[in-house]
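This report concerns only the one structure given below.
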Amino acid sequence: MSLCCYLEYIGVTVVIVAIVTIANIFSTKKRDLKGKHVLITGGSSGIGLSVAHDVARRGASVTLVARNVANLQKAQEEVEGTISSISGGGKVQFFSADLSSNAEVAYRVVKDAEASLGPVFMLVNCAGFARAQKFEDLSPQLVKSMMDVNFLGSFFITQEVVRSMKQQEEGVIVFTSSQGGLVGLYGFTAYSAAKGALIRLAESLHMEVKPYNITVTVCCPPDTDTPGFEEENKTKPIETTLISEAAGLFKPEDVARKLVDDALVGKFFTTSGLEGYMLTTLCTGMGPVTDALSFFSQVFLGGLFRSVSAFYLWSFGRIVETEHQKRMASKKVE
Ligand SMILES: NC(=O)c1ccc[n+]([C@@H]2O[C@H](COP(=O)([O-])OP(=O)(O)OC[C@H]3O[C@@H](n4cnc5c(N)ncnc54)[C@H](OP(=O)(O)O)[C@@H]3O)[C@@H](O)[C@H]2O)c1
């Protein structure tokens, strides 16, 4: 064997040993949901409702939290239908609460939910909404309500759940951010800020709760075909629509399945599609290392993805410039 081949052999061996070592250090055994209690905020619609069906199929009991009682009742019946199709399924209950109102409301929901279905093993924060508008057109009420639901609504309910999970010394927490929480986009000055804040919250909490065998996952969905997305599209500036279309439209069931699979093995980021993979790899910064594959992608693909991102940013810039020129031209005609 020549010296060159020998060095190559050593190099490959070192990389394999490093991957296996890191995999062992950071991997979390896939946890089972059978007989466990999963609390889902925003569980009456869209991604949250799909998560409810998914965890119910895996044998969990489910608490749904949202505001509209009629929608909650309908969602409860649907999830009960899913449970009846498997053997040994759990129960479904719901609580109507406005999670953007105050901390006490959120704390009460957790206490009431645990009184009937036992300690929460998994919390999925899905309640939230997006409105895209030009910065100067965003009303103070809209900015505040986006921050209140998306950020504070997740913050307070998670606080109460963490108190309980620490006693159990186990748990899974999921925050639903967005690809718009990883990167600032036209029209999303308030929404991106609220969803970005969730990522910093998740990173800090991850460090605090790790010794208690509690994992924290951030879901960054792409555009997903839900009632919420339909509503969001009604007022979206054309620039935001054209830019966000780049990643395609996903089904809530697929986003939900990936969310649950990744959260149960303790992955920090969960997302869907190639753009999501690229963004979470690129934007990881000093985020926690939770699995070997993500870590090696971040180390070896970071530079390549940064180059690809420059192309995306250039094409987004072109969209903004073109629409600006069109507006200027139509103003001149008027
Ligand atoms: N769909 C997408 O393209 C997309 C992309 C990225 C991120 N996301 C994020 O994913 C999450 C779910 O989105 P989705 O599209 O599935 O939305 P959705 O279909 O509109 O569902 C939102 C859920 O949140 C509940 N909710 C809203 N405000 C609430 C409040 N103040 N208190 C309690 N519950 C509240 C809603 O019920 P009530 O109205 O009855 O309260 C509903 O159950 C959101 O956080 C969203 O920002 C979505």
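Both ligands and their constituent atoms are indexed starting at 1 by order of listing. Worth saying up front: this structure is predicted, and the values here are computed from it rather than measured.
With a heavy-atom cut-off of 4.0 Å, Thr224 touches ligand 1 through backbone and side chain alike. Neither the backbone nor the side chain of Cys219 comes within 4.0 Å of ligand 1, counting heavy atoms alone.
Using cut-offs of 30° and 60° on the angle between ring planes, the pair Tyr191 and Phe188 is tilted.
Among the atoms of Ser178, none of the N or O lies under 3.5 angstrom from an N or O of ligand 1. For ligand 1, one of its N or O atoms has an N or O atom of Leu99 under 3.5 Å away. When only interatomic distances are considered, the shortest N/O to N/O separation between Gln179 and ligand 1 does not fall below 3.5 Å. Close N/O approach between Glu232 and ligand 1 is not found [any backbone or side-chain N/O within under 3.5 Å].
Scanning the protein for heavy atoms near atom 20 (O) of ligand 1, the closest one is Gly228 CA, 3.1 Å. Ranking the protein heavy atoms by distance from atom 34 (N) of ligand 1 puts Ala66 CA, 3.5 Å first. The nearest heavy-atom contact from the protein to atom 22 (C) of ligand 1 is Gly128 O, 3.9 Å. Atom 40 (O) of ligand 1 has Asn68 N, 2.8 Å as its closest protein atom, hydrogens excluded (heavy atom only). In terms of protein heavy atoms, atom 15 (O) of ligand 1 is closest to Thr226 OG1, 2.5 Å. At the top of the distance list for atom 8 (N) of ligand 1, counting protein heavy atoms only, stands Tyr191 OH, 3.8 Å.
Judged by distance alone, the side chain of Glu232 and the main-chain N or O of Phe129 form no donor-acceptor pair under 3.5 Å. In terms of modelled atom types and a separation under 3.5 Å, the side chain of Lys258 and the main chain of Thr271 share a donor-acceptor contact. Looking only at distances, no side-chain donor or acceptor of Ser44 sits under 3.5 Å from a matching main-chain atom of Leu72. Ser178 places no side-chain N or O within donor-acceptor distance of the main-chain N or O of Cys220, the cut-off being under 3.5 Å. Panel note: side chain Thr290, backbone Phe268; a donor-acceptor pair is recorded below 3.5 Å.
Sequence neighbours left out, the pairs with a member in residues 211-220 that pass side-chain hydrogen bond (donor to acceptor under 3.5 Å, both in side chains) are Arg31-Thr215.
The distance from ligand 1 to the heavy atoms of Ile47 drops below 4.0 Å at these ligand atoms: 10 (O), 16 (O), 48 (C). Atom numbering of ligand 1 starts at 1 in the shown order; those under 4.0 Å from a heavy atom of Ala97 are 32 (N), 33 (C). The atoms of ligand 1 that sit less than 4.0 Å from any heavy atom of Pro222 are 3 (O), 5 (C). Of all the atoms in ligand 1, the ones that sit under 4.0 Å from a non-hydrogen atom of Ala127 are 24 (O), 26 (N), 34 (N), 35 (C), 45 (O). Residue-ligand proximity, Asp223 to ligand 1, at heavy-atom distances under 4.0 Å covers atoms 3 (O). Residue contact check: Asp98 has heavy atoms under 4.0 Å from atoms 30 (C), 31 (N), 32 (N) of ligand 1. Listed by number with element, the atoms of ligand 1 under 4.0 angstrom from any heavy atom of Thr176 are 9 (C), 10 (O), 11 (C).
Salt-bridge annotation for Lys30 and Asp261: present, with a side-chain N of the basic residue lying under 4.0 Å from a carboxylate O of the acidic one. A salt bridge links Glu160 with Arg163: at least one charged nitrogen is closer than 4.0 Å to a carboxylate oxygen. Using a cutoff of 4.0 Å between basic side-chain nitrogens and carboxylate oxygens, Arg200 and Glu203 are scored as salt-bridged. Taking 4.0 Å as the cut-off between side-chain N and carboxylate O, Lys74 and Glu78 count as a salt-bridged pair.
One option in Lys195, Arg67, Glu231, Met146 has a heavy atom closer to atom 30 (C) of ligand 1 than any other, and that option is Arg67. Nearest-heavy-atom check against atom 25 (C) of ligand 1 across Ala52, Ser154, Gly42, Pro252 picks out Gly42. Within the set Gly46, Cys126, Ser244, the minimum heavy-atom distance to atom 44 (C) of ligand 1 is found for Cys126. Ranked by closest heavy atom to atom 21 (O) of ligand 1, the top entry among Ser45, Gly153, Ser44 is Ser45.
Residue contacts with ligand 1 leave out Ala130, since none of its heavy atoms falls under 4.0 Å from the ligand.
By the 6.0 Å contact criterion, CG on Leu293 is open, its count of non-hydrogen atoms from other residues, nucleotides or ligands being 12 or less.
Take Tyr186 and apply the ring pair (Phe, Tyr, Trp, His ring centres under 6.0 Å) test, not counting sequence neighbours, and it matches no residue.
Ser177 places none of its side-chain heavy atoms less than 4.5 Å from the side chain of Leu182.
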